[in-house]
Amino acid sequence: MADITTDVLVIGTGPAGSATAALLSSYGIENMAINRYRWLANTPRAHITNQRTMEVLRDLGREVEDEAYLFAAHQELMGENVFCTSLTGEEIGRMKSWGTSPHSKAEHLLSSPTLMNDLPQTFMEPLLFKTACSRGTQARLSTEYIAHVQDEDGVTTTCLDRLTGKQFTIRSKYLIGADGSNSKVAEHAGLTYGGKMGLGGSINILFKADLSRYVAHRPSVLYWVVQPGADVGGIGMGLVRMVRPWNEWLIVWGYDINQPAPKVDEAFATKVVRELVGDPELDVEIDQVSTWTVNNMYAETVSNGRVYCMGDAIHRHPPSNGLGSNTSIQDAFNLAWKLAFVLKGQAGKELLDSYQAERAPVARQIVTRANKSIEEFGPIFKALGLLDSIDPVKMQENMDARCNPNEAGEAQRKAIREAIAAKVYEFDAHGVEMNQRYRSKAVQPDGQEEPSFEQDAELHFQQTTWPGARLPHAWVFSGRGEKASTLDLTGHGKFTILTGIRGQDWVKEAQAVGQELGLDIAVHVIGPRQKWQDLAGEWARVSEIEENGAVLVRPDHHVAWRAKTLPAKPDAELRRVLKDILARA
Ligand code: FDA
């Protein structure tokens with residue numbers, strides 16, 4: 001007999017665990033979240049918060065989304081990605097990043113009701129955790145996961161109360177391993193991985209210093225400092241990373257992974273800070289120094305029986321592209337509604353198999369992208385002539401050659417420009433962030449061919465209602481001056497049908513099928529004198545259906561199925577599709 005029982009036990013209260021708990025509680029599912037520490041993230045860690053993650057927060061409630069913006073550094077402070085010899089030294093190049101170039105900004109605005117921003121994990125975690133606890137999650141801090149055993153009906157987890165030193169057990173129907181990159185849950189569940197850990201070594205130096213005079217005229221989250229001879233291993237150059245504008249910072253500095261991690265004392269840390277800033281007198285307060293390794297590892301299996309893993313437990317990669325906590329929160333959005341449907345008896349447990357089919361490819365994709373982004377610094381080093389020698393004097397000469405008024409100088413200048421511009425795949429890869437199209441049994445094809453990407457799929461998000469894709473965002477308007485995104489009409493733990501005025505029949509069909517299957521299916525008829533009107537024609541442009549057709553949207557905003565026009569027997573079609581997706585016999 002277990003000491004405590006709950007429906008879902010979540011191990012970890014990082015971005016993945018707290019988001020899962022917040023979503024489960026919002027869906028009315030009993031859950032408990034534990035964390036071995038007495039509180040949440042104590043260092044800023046992940047910052048970049050992309051639009052897809054903001055859509056999850058918006059789905060949790062406008063107050064959750066608004067609080068994120070309240071504490072975030074806004075997008076206009078993120079974008080002047082600088083390459084320089086120090087913050088006071090020469091600037092080698094710059095690129096507009098994170099949706100701030102005019103073209104990219106337009107794409108961001110057309111894609112989502114939300115805005116990318118820079119929210120340190122020290123703000124994101126408390127926001128998600130508070131949302132979870134205030135909506136019903138039972139949280140236990142200073143509580144460590146030790147082991148689990150599962151049987152046909154549930155999982156029994158042994159935990160250690162770190163305050164009393166006593167072990168106790170928790171019985172749950174499902175166990176979620178959101179316990180980070182050294183996940184014990186994943187290890188005990190026997191998940192299998194591809195890739196490698198420990199490819200490079202990095203040192204993080206967290207410090208306070210007012211750097212406004214060096215950066216406020218070129219606001220950015222990242223300042224890349226190239227100082228010949230100053231760095232080995234890691235990401236290959238020094239990075240000065242904004243934590244809070246412009247007085248809290250993080251320096252990322254490489255170390256040789258073939259050597260033991262260095263012991264960095266305050267004097268060394270202060271020296272590195274002053275060198276990268278380029279101000280030997282800089283007033284610096286060192287807050288913390290830590291080391292981490294560059295990993296390239298993704299889970300090939302993300303679950304075993306009643307145990308599901310997510311976040312860094314299934315994707316371990318460097319911070320390039322800012323995908324860490326974003327993907328973790330998006331894993332949670334994928335799994336939480338499925339668990340809720342299964343636990344409420346609205347879906348068969350086979351629905352949960354789609355988590356593997358849908359998120360394992362994403363884990364692999366983002367780990368591969370983040371590591372490729374590190375390699376793509378190579379052409380910058382090459383163009384600067386830093387790969388031709390290890391002698392700092394020679395390296396400096398090679399860098400200086402870019403100023404020569406001759407053909408070689410011109411060629412070098414072009415190579416530098418092109419190498420920096422190519423970093424768009426790390427710093428403005430909107431497609432990587434948004435283009436996930438799921439292929440699984442939780443999506444029903446409609447017989448139409450998948451639309452191919454008209455532009456580079458890593459760089460540009462392409463909206464489509466093709467089943468499996470994230471529902472396109474379009475603004476619709478009420479007669480009373482409100483506006484809403486199509487994403488606002490959907491989600492919130494329900495399946496939703498979007499249709500037009502000639503599709504009124506879907507309302508009664510959805511009600512009848514919903515009643516029969518015990519589901520609350522929302523239907524929005526978009527058109528004149530309806531609650532929501534397509535005044536700007538945005539929905540008509542992106543819906544890819546006729547007015548009497550329907551787009552059936554899952555609770556996580558992904559299109560479950562669509563009908564281009566009203567079928568002869570819409571109720572039969574809807575029943576068939578929902579029963580298939582929800583694994584109902
Ligand atoms: P996360 O590691 O955040 O959370 C794991 C949770 O599980 C924690 O609450 C932990 O206490 C708990 N836990 C672990 N073992 C447990 C046990 N046995 N029992 C109970 N609880 C247990 N990413 C990025 O994109 N940009 C960046 O700049 C950085 N920087 C960075 C710095 C540092 C120092 C770290 C450690 C990580 C980063 N990251 C990052 C990575 C980013 O923080 C990461 O991708 C997300 O935090 C992943 O979220 P998860 O919730 O999956 O794990």
Side-chain angles (χ1 to χ4, degrees), residues 15 41-50 71-89 91-92 94-98 100 116-124 200-212 214-216 218-227 230-231 233-255 264 269-270 272-279 282 284-294 317-326 370 373-374 377 380 423 426-428:
N42 60 352
T43 54
R45 303 180 195 180
H47 287 64
I48 306 284
T49 306
N50 65 35
F71 291 110
H74 289 186
Q75 197 171 12
E76 65 272 15
L77 297 182
M78 296 174 69
E80 302 287 338
N81 202 7
V82 165
F83 296 84
C84 58
T85 58
S86 72
L87 293 191
T88 56
E91 191 168 330
I92 297 161
R94 241 188 241 204
M95 65 170 294
K96 283 269 190 195
S97 303
W98 312 118
T100 60
M116 179 178 251
N117 60 76
D118 195 76
L119 185 68
Q121 215 164 306
T122 36
F123 293 88
M124 176 66 93
S202 285
I203 303 168
N204 273 2
I205 301 172
L206 207 53
F207 68 100
K208 290 195 186 71
D210 181 2
L211 301 183
S212 320
Y214 307 129
V215 296
R218 46 182 177 173
S220 176
V221 293
L222 304 172
Y223 299 84
W224 300 94
V225 179
V226 185
Q227 288 182 354
D231 181 37
I235 55 172
M237 61 169 95
L239 168 65
V240 184
R241 207 270 177 232
M242 177 265 277
V243 174
R244 305 303 283 162
W246 306 108
N247 52 16
E248 282 186 47
W249 298 88
L250 171 72
I251 276 180
V252 185
W253 188 251
Y255 72 85
V264 182
T270 305
V272 171
V273 171
R274 288 180 173 156
E275 272 174 14
L276 293 197
V277 174
D279 178 350
L282 186 73
V284 184
E285 186 186 328
I286 303 289
D287 282 335
Q288 205 211 46
V289 179
S290 57
T291 55
W292 53 280
T293 59
V294 175
H317 54 91
S320 334
N321 294 69
L323 294 168
S325 91
N326 285 302
S373 292
I374 290 188
F377 277 109
I380 300 181
K423 288 299 294 170
E426 174 171 359
F427 301 124
D428 208 3

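Computed from a prediction, not measured in an experiment: that's the story for all the values here. The chain is numbered in sequence order, starting from 1.
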For T293 and S202, run side chain to side chain contact (heavy atoms under 4.5 Å, CB included): C-alpha distance rounded to whole Å, both residues' side-chain angles, the deciding distance at 0.1 Å, then the answer.
-> CA-CA 6 Å; T293 59; S202 285; over 6 Å; no
With rounding to the nearest 0.5 angstrom, report the [atom1] to [atom2] distance, [X] to [Y].
X: M95; Y: F83; atom1: CE; atom2: CZ; value: 7.0 Å
X: T43; Y: D287; atom1: OG1; atom2: CG; value: 11.0 Å
X: L239; Y: L222; atom1: CG; atom2: CG; value: 5.5 Å
X: Q121; Y: S325; atom1: CD; atom2: OG; value: 5.5 Å

Who are the salt bridge (charged side-chain N to carboxylate O under 4.0 Å, His left out) partners of [X], not counting sequence neighbours?
X: R274; answer: none
X: D118; answer: R241
X: R218; answer: E91

Take the angle between the ring planes of F377 and W224 and call it parallel below 30°, perpendicular above 60°, tilted in between.
->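 The rings of F377 and W224 sit tilted, inter-plane angle from 30° to 60°.
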What orientation do W246 and Y223 show, parallel under 30°, tilted 30 to 60°, or perpendicular over 60°?
-> perpendicular
Side chain proximity check, [X] to [Y], heavy atoms < 4.5 angstrom:
X: V243; Y: H47; result: yes
X: F123; Y: R244; result: yes
X: V272; Y: F207; result: no
X: E275; Y: V225; result: no
X: W253; Y: T291; result: no
X: L211; Y: L282; result: yes
X: V215; Y: M242; result: no

Any idea which heavy atoms bring L77 and P245 closest together, and the distance?
->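 Heavy-atom minimum between the residues: CD1-CG, 4.0 Å.
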At their closest point, which heavy atom of T100 faces which heavy atom of S97, and how far apart are they?
->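 Between these two residues, the closest heavy atoms are OG1-O, 2.6 Å.
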Using only atom types and a distance under 3.5 Å, with no angle test, would you say the side chain of [X] pairs donor to acceptor with the backbone of [Y]?
X: Q75; Y: N117; value: no
X: T88; Y: V277; value: yes
X: K423; Y: D428; value: no

